[in-house]
Novice: 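Take this structure, written in C-alpha cells, and hold onto it; I'll ask about it next.
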2 protein chains.
Amino acid sequence: MNDIKKDNTEEKILVAAQKVFIEKGMDGARMQEIANEAGINKALLHYYFRTKQKLFEAIFKMVFRNILPNLMEMVYSDLPIETKLERFIEGYIDMLWKNPFVPTFILKEMNRDPQFLATTIQGSGIRPDEIIAMFKREMEAGNIRKMDPRDLLVNILSMSIFPIAAKPLLSIMFFDSNSAEYSTFISNRKKTVKEFILNSIKP
Amino acid sequence: MNDIKKDNTEEKILVAAQKVFIEKGMDGARMQEIANEAGINKALLHYYFRTKQKLFEAIFKMVFRNILPNLMEMVYSDLPIETKLERFIEGYIDMLWKNPFVPTFILKEMNRDPQFLATTIQGSGIRPDEIIAMFKREMEAGNIRKMDPRDLLVNILSMSIFPIAAKPLLSIMFFDSNSAEYSTFISNRKKTVKEFILNSIKP
DNA sequence: AAAAAGTTTAACCAAATGGTTAAATTAAAT
DNA sequence: ATTTAATTTAACCATTTGGTTAAACTTTTT
C-alpha cells in the first residue's frame, strides 16, 4: 500500500512551498525557507522536487487548479442566469478573500512562461468556450441583453478579483489602512457586484 | 547651471531601472542588468543610488505617479458625468495598454512595505475623497443611481486594469494566445466598459 | 536476521549577487 | 596652468543561494 512517511513528507513540502511561494513569489522564495517551513532540511527538498523550478511548477499548477472551481458550475447547472451569477460571485469572492495572496501570485507569475501557462490552463478543467456559449444562449433567449459574452465574463472576474489583489492600495485609499473596514467593504461587494452586473445586463 | 553629464546619467539610470524593475520585479531585477541597460557599470549605479532598495523606491514612486493621471481630471472638470467617465475610461485603458507591465508591477510590489506605499500614495496627487465626493454629488443630483461610490470607483478601476494585468491568461483562454486579437478585444473595451458602466448606473 | 530499498541529514561547492574601494580620468573653479 | 571637485572604471569581497554528495538511519522485503 502507499507509504505513509513519503506521502506525509511530500504533503508537508507542498503545503510549505505553497505558503512561501504565494507570499514571496518564485524569485523571492528561498528553498531554505520552504524546508524550514516544512520542518525538514534542504537536501530532502531537492530529493523530492529536484529543482526549485520543478517545485514551483507543481505549486503553480496546484494553486491554479483551485482558483476557478465554482466557475464551471455556472455551465453545468440548470438555474436561471441571475441565480447562477449570484452564486458564483458570492462563492468566488468568499474563496478569494480566504486566500487573498492567491490572485496576486497568479498575476505575478503568469508572465514567466507562456507555454507552461497554456498547458496549465488546459489541464485545469476550465472550458472558456462553454462559459461563453452559455452566456450566448442566455442572450439569444432574451434573458440578458446582447453583448460580447467575453466582456461579460471578464467584467465579472475583474470586479471579483481586482479589489482583493489591490487590497493594500485600496485599503489605504478608502479606509486609512483599517483592515476591518476593508473586510466589510469586500463582504458587501458580494451583494453590490451582483447588483451592478444584473443592472447592466438587463435585456 | 545644472551639470549636463550628471542629469544625463541619472536620467539614463532611471529609464533603465524602470524598464528592468517593471519587467522583472524587485526580486528578479539585477543591478548588473540595470547597469548594462543604462550603458554604465555597476559601481556607478551604486554611486547614484546607493542601494538597490533606494533605486527601487525611486522607480516605484515614479511609476506610481504616472499610473493614475487622468483620474483627477474627473473631479476638476465640469462635464456631465457620462462624458467624464467616457474620457477617463478611454484614456486610462489606452495608457495602460501602452504600458502593459505597469499594473502587474504595482500589484506585485504593493505588498512589500505598507508604510512606504502609504506615503507614496499621499505624494501622488490622488485624492480619493474628492473622487468619492464627486460621485456622491452626481447621485444626489439624480444623475446616477444611488450606490456606494467606492464600489463605483473600484468597479471602474477593476474593469480597466484587470484585463490588462491578466493578459497572458485571458489571451490564452479566449484567443489561443493570438496577440492581435487580444489587442482589438482591449481596444473594443474602451467602448463596452463605458456602456457596461453607464447601463448599470442609470438612475 | 540479513539484504535491499527508501528516507534523512550535515557538510560542502560553485555561481551569482549586492555592494565597496582605490585609483584613474574628466570637468570646473581659481 | 594648477588645484579642486565630480565622474567613471576595474578589481575585489562577503554573503547568499540553488544544488550535490556521501554517509547514516529506517523501513520493507526476502
Side-chain angles (χ1 to χ4, degrees), chain A residues 1-63 105 108-109 111-113 116, chain B residues 1-63 105 108-109 111-113 116:
Chain A
M1 76 204 70
N2 266 336
D3 194 67
I4 288 174
K5 222 184 207 176
K6 181 178 174 180
D7 286 357
N8 220 355
T9 301
E10 191 167 331
E11 180 67 21
K12 279 194 308 187
I13 292 176
L14 288 173
V15 170
Q18 178 163 7
K19 183 177 169 192
V20 175
F21 273 131
I22 284 182
E23 234 172 84
K24 311 259 171 101
M26 165 70 172
D27 291 328
R30 296 291 160 247
M31 293 300 269
Q32 185 62 59
E33 189 180 352
I34 294 172
N36 292 346
E37 183 77 32
I40 60 173
N41 79 355
K42 215 173 37 147
L44 185 56
L45 205 56
H46 285 282
Y47 174 80
Y48 276 89
F49 296 87
R50 198 159 330 183
T51 65
K52 187 185 183 184
Q53 183 66 27
K54 283 188 201 302
L55 178 56
F56 171 78
E57 291 181 0
I59 297 297
F60 187 90
K61 275 186 183 149
M62 267 180 53
V63 173
F105 171 72
K108 233 199 276 219
E109 309 299 345
N111 287 286
R112 220 165 254 286
D113 180 351
F116 170 69
Chain B
M1 77 205 69
N2 266 336
D3 195 68
I4 288 173
K5 223 184 207 173
K6 181 177 176 183
D7 286 357
N8 220 353
T9 301
E10 190 167 330
E11 180 68 20
K12 280 194 308 189
I13 291 177
L14 288 173
V15 170
Q18 178 164 6
K19 184 177 168 191
V20 176
F21 273 131
I22 284 182
E23 233 172 84
K24 310 261 171 99
M26 165 70 172
D27 291 328
R30 298 287 160 250
M31 292 299 269
Q32 185 62 59
E33 189 181 352
I34 294 172
N36 293 346
E37 183 78 30
I40 60 171
N41 79 354
K42 215 176 36 150
L44 184 56
L45 205 55
H46 286 282
Y47 174 80
Y48 276 89
F49 296 87
R50 198 158 330 181
T51 65
K52 187 184 185 186
Q53 183 65 27
K54 283 188 201 304
L55 178 55
F56 171 78
E57 291 181 1
I59 298 297
F60 187 89
K61 274 187 184 147
M62 268 180 52
V63 173
F105 171 72
K108 232 199 275 218
E109 310 298 347
N111 286 286
R112 221 164 254 286
D113 180 350
F116 171 69

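Given the structure is predicted, the values throughout are model-derived calculations rather than measurements. Chain identifiers are assigned alphabetically (A, B, ...) following the order of the sequence lines, protein sequences preceding nucleic acid strands; residue numbering begins at 1 within each chain.
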Novice: I need the CZ-P distance between A:Phe49 and D:dG18, as an integer number of Å.
Specialist: 16 Å
Novice: Answer yes or no: does a side-chain N or O of B:Thr9 lie under 4.0 Å from OP1 or OP2 of D:dT7?
Specialist: no
Novice: Could you tell me which non-hydrogen atom of A:Ile34 sits nearest to which non-hydrogen atom of A:Ile13, and how far apart they are?
Specialist: CG2-O, 4.5 Å
Novice: Just jot down the side-chain contact (heavy atoms from CB on, under 4.5 Å) partners of B:Asn36, sequence neighbours excluded, or say none.
Specialist: B:Gln32
Novice: Which ones in residues 16-26 of chain B lie close to DNA chain C, meaning a heavy atom under 4.0 Å from one of its atoms?
Specialist: none
Novice: Rounding to an integer number of Å, can you tell me how far A:Ile34 CD1 sits from D:dG18 P?
Specialist: 8 Å
Novice: Could you tell me if the side chain of B:Leu14 sits less than 4.5 Å from the side chain of B:Phe49, heavy atoms only?
Specialist: yes
Novice: Protein-nucleotides 19-24 of chain C N/O pairs closer than 3.5 Å?
Specialist:
unit_1	atom_1	unit_2	atom_2	d
C:dG19	OP2	B:Lys52	N	2.7
C:dG19	N7	B:Lys42	NZ	3.1
C:dG19	O6	B:Lys42	NZ	2.4

Novice: Write down the distance between CG (A:Leu45) and C1' (C:dT8), rounded to a whole number of angstrom.
Specialist: 13 Å
Novice: With sequence neighbours excluded, tell me which residues meet side-chain contact (heavy atoms from CB on, under 4.5 Å) with A:Glu57.
Specialist: A:Gln53, A:Phe116
Novice: Do any side-chain nitrogens or oxygens of B:Arg30 fall under 4.0 Å of OP1 or OP2 in C:dA16?
Specialist: no
Novice: Tell me whether the OP1 or OP2 atom of D:dT7 has a side-chain N or O from B:Tyr47 closer than 4.0 Å.
Specialist: yes
Novice: Check every strand shown and say whether B:Ala35 touches a base, only sugar-phosphate, or nothing at a heavy-atom separation below 4.0 Å.
Specialist: nothing
Novice: Where the side chain of A:Ile40 is concerned, which of D:dA10, C:dT9, C:dT8 is the nearest nucleotide?
Specialist: C:dT9
Novice: Which pairs of donor and acceptor atoms, one on a side chain in residues 18-28 of chain A, lie under 3.5 Å apart (sequence neighbours left out)?
Specialist:
unit_1	atom_1	unit_2	atom_2	d
A:Lys19	NZ	A:Glu37	OE2	3.2
A:Lys24	NZ	A:Glu33	OE1	3.1
A:Lys24	NZ	A:Glu33	OE2	3.0
A:Asp27	OD2	A:Arg112	NH2	3.2

Novice: Do you know which two heavy atoms are closest between B:Ala35 and B:Leu45, and how far apart they sit?
Specialist: N-CD2, 3.9 Å
Novice: Could you report the tightest heavy-atom contact between A:Thr51 and A:Met31, atom names first, then the distance?
Specialist: C-CE, 4.4 Å
Novice: May I have the distance from B:Leu44 (atom CG) to C:dT26 (atom C1'), rounded to whole angstrom?
Specialist: 13 Å
Novice: Answer yes or no: is there a side-chain heavy-atom contact under 4.5 Å between B:Phe105 and B:Phe60?
Specialist: yes
Novice: What ring-ring contact (aromatic ring centres under 6.0 Å, His included) pairs are there with at least one residue in residues 25-44 of chain A, not counting sequence neighbours?
Specialist: none
Novice: Specify the separation, in whole Å, of atom CG of A:Asn41 and atom C1' of D:dA23.
Specialist: 14 Å
